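All values reported here derive from a predicted model rather than from experimental measurement. Residue numbers run from 1 in the order of the sequence given.
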Amino acid sequence: MNKSKLALSLLGFSLLLTATMQNGYAQDGISDKLRIAVVNVQPVWGDKQANLAKILKYSEQAASMGAKMIVFPEMVLTGYAMENGDVKRLDRMQVKLAESENGEAATTVAQKAQKLGVYIAYGYPEKKGEAADDVYNSVLVAGPSGIVGSYQKIHPFGSEVVWCKTGTDPFLFDTPWGKVGVSICYDTYNYPELSRYYAASGARLILNPTATSWAYYSAKHLGDDGMPVNDGKPYADNNQAWTNRFKGRVEATVIQSGVYVASSDLVGAEKTADGTFMGTAFPGGSCVVGPSTDAEGTDNYIDYYGTNPARATEEGIYYSDVDLSTAKRNSFVNYIKTDAQEGNLYSPDLYVKWYEKLAKEYKPLNH
């Protein structure tokens, strides 16, 4: 995006948020009670059909238990791991297996979502654009009316850029529970700008398909057979360092923006259908985190609503029953209004000025 387009985009966002805040975030006619299913999945690396079968199976199970929002991990359709060595972009598994927003898997999942009357979000490599390597790390959302749309990860992490390009646009979709935003992994953990955008735009829930394994060293601790111990799944609390690093980042989003975050992570060692270990293992830890209450005497301002990332260590579904009315986004509007301040703490008009200046002057930091 060039600088003039950035300035116009930020100005438009400023006007949108100003109007939204003046309306007091009124969301008449939407529901508050929602059962969310977040799913740990151990994908078969490079096997879309096997992984699609898991998505369909777990969607049916979750729907049968009353879940209306079903969230699968980042890159669950193909597996996450990148091949080692000097592999050309066009020869990367993720690029070769990429699908469009209306591809075979999306169409199949959308049909399932329509039949079940639920929303399903899953991660996949998306072909979007004319060039053969126009491929993104994306999330597809399907709902009771079919394919809703897709989000392309704006902040790819580390080696992901050997196969994926960088997205540019936030993604919000309407539901009976109000607006819902989509943010993938590193987007959520390291770039609060996106979650703030979603919350300020009216979202009370952010979906976070993730493939996070920071501080989880199972892939490096191999048994005599060259495979991760316990098939790469957590054991003897070896996911404690990961949990410590992961929890604080998600909780910060909840506290800062006053919204719910539903995270679904991969779990276990990534292997091909013939059992070849691809070098990565994941701790699971799918969970739903949200605000509880700020009443006097409160000890904890957040809750995991029946989930526990330290104990979600197996493939399967983890359910969370939430009341989205607790997502009050208190940091945006001050309940006290005087002639010194009209109550609108969030100031996108100021941020437009700052970021327009930053866009002109910013230089990437050298490490």
Side-chain angles (χ1 to χ4, degrees), residues 1 6 9-10 13 38 71 73-76 80-82 94 121 123 125 136-139 151-172 180-201 203 205-217 219 239-266 280 282-291 302 304 309-310 329 331 346 348 351 354-355 358-359 361-367:
M1 182 182 292
L6 175 64
S9 176
L10 290 170
F13 180 48
V38 288
V71 188
E74 175 182 11
M75 292 299 294
V76 68
Y80 178 88
M82 274 69 75
Q94 293 86 350
Y136 296 82
N137 183 340
S138 296
V139 165
Y151 164 73
Q152 298 79 44
K153 191 174 186 179
I154 295 173
H155 306 98
F157 174 75
S159 57
E160 290 172 17
V161 295
V162 301
W163 67 266
C164 76
K165 292 192 172 182
T166 300
T168 58
D169 299 316
F171 180 71
L172 283 158
V180 176
V182 179
S183 178
I184 302 175
C185 198
Y186 205 41
D187 288 331
T188 307
Y189 307 136
N190 276 54
Y191 298 91
E193 293 88 350
L194 186 58
S195 57
R196 294 292 278 178
Y197 175 92
Y198 287 143
S201 298
L205 171 64
I206 296 173
L207 309 184
N208 180 45
T210 183
T212 180
S213 59
W214 285 359
Y216 179 64
Y217 302 108
N239 60 342
Q240 185 63 54
W242 168 83
T243 302
N244 291 342
R245 186 165 192 170
F246 164 82
K247 285 181 63 176
R249 294 167 187 266
V250 177
E251 291 172 358
T253 299
V254 173
I255 292 293
Q256 290 169 355
S257 294
V259 295
Y260 283 79
V261 178
S263 289
S264 285
D265 198 4
L266 301 174
T280 59
F282 295 90
S286 295
C287 61
V288 176
V289 192
I302 63 169
Y304 279 80
R329 292 156 295 169
S331 64
Y346 196 62
Y351 311 149
W354 303 349
Y355 275 90
L358 187 62
E361 300 175 357
Y362 175 71
K363 296 180 181 178
L365 301 176
N366 294 320
H367 296 283

Residue pair [X] / [Y], side-chain heavy-atom distance below 4.5 Å:
{"X": "Pro209", "Y": "Val71", "answer": "yes"}
{"X": "Tyr189", "Y": "Thr212", "answer": "yes"}
{"X": "Tyr198", "Y": "Ser257", "answer": "no"}
{"X": "Asn137", "Y": "Met75", "answer": "yes"}
{"X": "Pro291", "Y": "Tyr260", "answer": "yes"}
{"X": "Arg329", "Y": "Val259", "answer": "yes"}

Mind checking the [atom1]-[atom2] spacing from [X] to [Y]? Nearest 0.5 Å is all I need.
{"X": "Leu194", "Y": "Tyr151", "atom1": "CG", "atom2": "OH", "value": "5.0 Å"}
{"X": "Arg249", "Y": "Asn208", "atom1": "CZ", "atom2": "CG", "value": "12.0 Å"}
{"X": "Cys185", "Y": "Lys153", "atom1": "SG", "atom2": "NZ", "value": "4.5 Å"}
{"X": "Ser331", "Y": "Arg196", "atom1": "OG", "atom2": "CZ", "value": "4.0 Å"}
{"X": "Ser183", "Y": "Ile206", "atom1": "OG", "atom2": "CD1", "value": "6.5 Å"}
{"X": "Ser213", "Y": "Asn239", "atom1": "OG", "atom2": "CG", "value": "12.0 Å"}

Distance-minimising heavy-atom pair for [X] and [Y]:
{"X": "Ser138", "Y": "Ile184", "value": "C-CD1, 3.9 Å"}
{"X": "Thr210", "Y": "Pro73", "value": "O-CB, 3.6 Å"}
{"X": "Thr166", "Y": "Ile154", "value": "CG2-O, 3.0 Å"}
{"X": "Val38", "Y": "Ala262", "value": "CG1-CB, 4.1 Å"}
{"X": "Ala211", "Y": "Phe282", "value": "O-CE2, 3.1 Å"}
{"X": "Tyr346", "Y": "Pro348", "value": "O-CD, 3.3 Å"}

For Tyr80 and Glu160, what are the C-alpha separation, side-chain angles and deciding distance, and is it a side-chain contact (heavy atoms from CB on, under 4.5 Å)? CA-CA 9 Å; Tyr80 178 88; Glu160 290 172 17; 2.6 Å; yes
Quick check: does any side chain N or O of Ser286 sit under 3.5 Å from a backbone N or O of Asp265, one acting as donor and the other as acceptor? yes
Is the backbone of Val139 close enough, under 3.5 Å, to the side chain of Glu74 for a donor and an acceptor to pair up by distance? no
Measure up the Phe246 and Trp242 rings against each other and bin them: parallel (under 30°), tilted (30 to 60°), perpendicular (over 60°).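 Parallel, since the angle between the ring planes stays under 30°.
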Plane angle bin for Tyr186 and Phe157 - parallel if under 30°, tilted between 30 and 60°, otherwise perpendicular: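 Aromatic pair Phe157/Tyr186 classed perpendicular.
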Could you work out, with ring pair (Phe, Tyr, Trp, His ring centres under 6.0 Å) as the rule, every residue matching Tyr217, not counting sequence neighbours? none
Residues which pass salt bridge (charged side-chain N to carboxylate O under 4.0 Å, His left out) with Lys165, listed by chain and number, not counting sequence neighbours: Asp133, Asp134
